[in-house]
**Q** 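The structure under discussion is supplied below as structure tokens; questions concerning it will follow.
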Protein chains: 2
Amino acid sequence: MSTATGQVSPFPTPERRRRDRSAKREAILDTALELFLEQGYHHVTLNQVAERLHITKPALYNYFAGKTEILFACWMAGFEQAAEAIARIEAGPGDGLTRLRALIRDYGLLMTTPRGRCLIRFDDRDFTPEQRDRISACKKQVDAAFRSWIAAGIEDGSIRPCDPKMAAFVIGGALNWIGQWHRDDGPMSPQAVVDDFADRLTKGLATD
Amino acid sequence: MSTATGQVSPFPTPERRRRDRSAKREAILDTALELFLEQGYHHVTLNQVAERLHITKPALYNYFAGKTEILFACWMAGFEQAAEAIARIEAGPGDGLTRLRALIRDYGLLMTTPRGRCLIRFDDRDFTPEQRDRISACKKQVDAAFRSWIAAGIEDGSIRPCDPKMAAFVIGGALNWIGQWHRDDGPMSPQAVVDDFADRLTKGLATD
DNA sequence: ACATTTGATTACCCATGGGTAATAAATCGA
DNA sequence: TCGATTTATTACCCATGGGTAATCAAATGT
């Protein structure tokens, strides 16, 4: 990887080449996502994406099969973040209420980032039917996490008995909405928003 | 308007003609809205809209200046419903909490109808800058109604002191989200949903 | 050195769909 | 009855933008 003088070798190893390629894919993804969120999917041309990366449109096809593939990859990148948060909380300690609050904070924070925003700002109908099916399954996973920890909280006594499904709709709706109104240049820091939301959304649920 | 025999005259008055024209405009609006919600704005062609009305595309231009005008008119029709609900509640009796609950119910019900759904399912970036400005002003009105009645409730003692802005974000988000998940052929009636939501969303706010 | 693979470019294709004449038919007012 | 207006139709135009073919250059590895 580097010579004795500390310089990076100009002859990259196969490993390095794989990383380069992957980095380029990520760069395309981030640029496209940025544009999609700025202007809306249908107003973004692949020429724009390429231009912002200082390449030309056909070069994109070395990394993605088409425009919808890019859109789908963006969405999946966002979902991975959510899935990681869920797995992390699942693996950690705490009763139902504690876990629910943690998820509200993590998911809410995600909604203030481009990766998270695309989960709800993209229109389902812009995906192919196959992509839609996979996305639908992913959404179910997230919803299931909310519901299961609410149910767990009722079970362990940390949450007052209620309908987990409806509670999850309220909480999910409030959180997803953050992706619509929150501005990075606004007066409220993401952390302040989600702390407030975690309190507010569990106030009516907690048993204490 | 009609003869002594009860038959409608085949010679419509100017008044009748104006009504006919207006009815046609409405028909275009309803059909377009239906298609926009089914397939998404960018996947709907004006030919489709025309076809469903048994006319041809250029005929639409007798009633609307273009595709975005139709989209805008749909949005405004939805907003009028919201504005009416707000005015009705404003004119009626009740303290802050009562009015807030009434708005939650009415706005939530609206979100289960096509007219209401378009308020949040349409993408702002598909409108012209001028249209966007007007829409932005309308949205502010709705948000202001939520905030003002929360503030009024705090003032009159029916609602516990809190930040009306954040409370309105939570409530608005949960309600807008209804437009995304509620299906008419689903298990929950619109009325059942909003009754549940009205309770749930004011449980943490009420002083009692 | 040299054939091979990879990655990028230029130049092009072409379906789509919003929008516009030019025109015809129905309706109106007088 | 007859010109004027309204409303609809047929036949187009054409900018847009996703996607492809042919080609070129550069790194690869044997």
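What you are looking at is a predicted structure, and each value in this text was computed from that prediction instead of being measured. Proteins come first, then strands; the chains are lettered A, B, ... in the order of their sequence lines, and each starts at number 1.
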**Q** Examine D:dT20: is either OP1 or OP2 under 4.0 Å from a nitrogen or oxygen in the side chain of A:Tyr61? Give yes or no.
**A**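 Answer is no, no contact under 4.0 Å.
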
**Q** Going through the checks in order, is the side chain to side chain donor-acceptor pair (under 3.5 Å) test met by B:Asp123 and B:His42?
**A** CA-CA 10 Å; B:Asp123 190 331; B:His42 290 281; over 6 Å; no

**Q** Write down the distance between NZ (A:Lys67) and C1' (D:dT16), rounded to a whole number of angstrom.
**A** 11 Å

**Q** With sequence neighbours left out, write down each residue that passes side chain to side chain donor-acceptor pair (under 3.5 Å) with B:Glu69, or none if nothing qualifies.
**A**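 Testing B:Glu69 for side chain to side chain donor-acceptor pair (under 3.5 Å), a comparison that skips the adjacent residues, returns none.
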
**Q** Enumerate the salt bridge (charged side-chain N to carboxylate O under 4.0 Å, His left out) contacts for residues 81-99 of chain A, please, sequence neighbours excluded, ordered by first and then second residue.
**A**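 Found A:Arg88-A:Asp106.
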
**Q** Atom CG of A:Asp20 and atom C1' of C:dT6: how far apart are they, to the nearest Å?
**A** 13 Å

**Q** Could you tell me which residues satisfy ring pair (Phe, Tyr, Trp, His ring centres under 6.0 Å) with B:Phe197, sequence neighbours excluded, listed by chain and number?
**A**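 Ring pair (Phe, Tyr, Trp, His ring centres under 6.0 Å) check on B:Phe197 returns nothing, list empty.
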
**Q** Would you mind listing every salt bridge (charged side-chain N to carboxylate O under 4.0 Å, His left out) that reaches into residues 28-55 of chain A, with sequence neighbours excluded?
**A**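 Checked against salt bridge (charged side-chain N to carboxylate O under 4.0 Å, His left out) - neighbours excluded - the pairs reaching residues 28-55 of chain A are A:Asp30-A:Arg115, A:Glu34-A:Arg52, A:Glu38-A:Arg52.
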
**Q** Within the sub-3.5 Å range, which N or O atoms of nucleotides 8-10 of chain D have a protein N or O partner, and how far apart are they?
**A**
| from | atom 1 | to | atom 2 | distance (Å) |
| --- | --- | --- | --- | --- |
| D:dA8 | OP1 | B:Lys24 | NZ | 3.1 |
| D:dA8 | OP2 | B:Tyr63 | OH | 2.8 |
| D:dA8 | N7 | B:Asn62 | ND2 | 3.4 |
| D:dT9 | OP2 | B:Thr56 | N | 2.9 |
| D:dT9 | OP2 | B:Thr56 | OG1 | 2.5 |

**Q** Suppose the criterion is salt bridge (charged side-chain N to carboxylate O under 4.0 Å, His left out): which pairs have a residue in residues 169-193 of chain B, not counting sequence neighbours?
**A**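 The answer is none; no pair qualifies.
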
**Q** Among all residues two or more places apart in sequence or in another chain, which pass the ring pair (Phe, Tyr, Trp, His ring centres under 6.0 Å) test with B:His182?
**A**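 With sequence neighbours excluded, B:His182 shows a ring pair (Phe, Tyr, Trp, His ring centres under 6.0 Å) to no residue whatsoever.
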
**Q** Which whole-number value in Å describes the distance from A:Glu69 CD to D:dG19 C1'?
**A**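 Checked: the CD to C1' distance equals 14 Å.
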
**Q** Between side-chain atoms of residues 54-67 of chain B and protein atoms elsewhere (two or more places apart, or another chain), which donor-acceptor pairs fall under 3.5 Å?
**A**
| from | atom 1 | to | atom 2 | distance (Å) |
| --- | --- | --- | --- | --- |
| B:Lys67 | NZ | B:Tyr41 | O | 3.1 |
| B:Lys67 | NZ | B:Val44 | O | 2.8 |

**Q** Phosphate oxygens OP1/OP2 of C:dG7: is one of them under 4.0 Å from a side-chain N or O of A:Arg21?
**A** yes

**Q** Tell me: CZ of B:Phe64 to C1' of C:dT20, nearest whole Å?
**A**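 Result: 19 Å.
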
**Q** Which residues in residues 30-46 of chain A have a heavy atom closer than 4.0 Å to any atom of DNA chain D?
**A**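 The stretch gives A:Val44, A:Thr45, A:Leu46 as the residues lying under 4.0 Å from the strand, ordered by number.
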
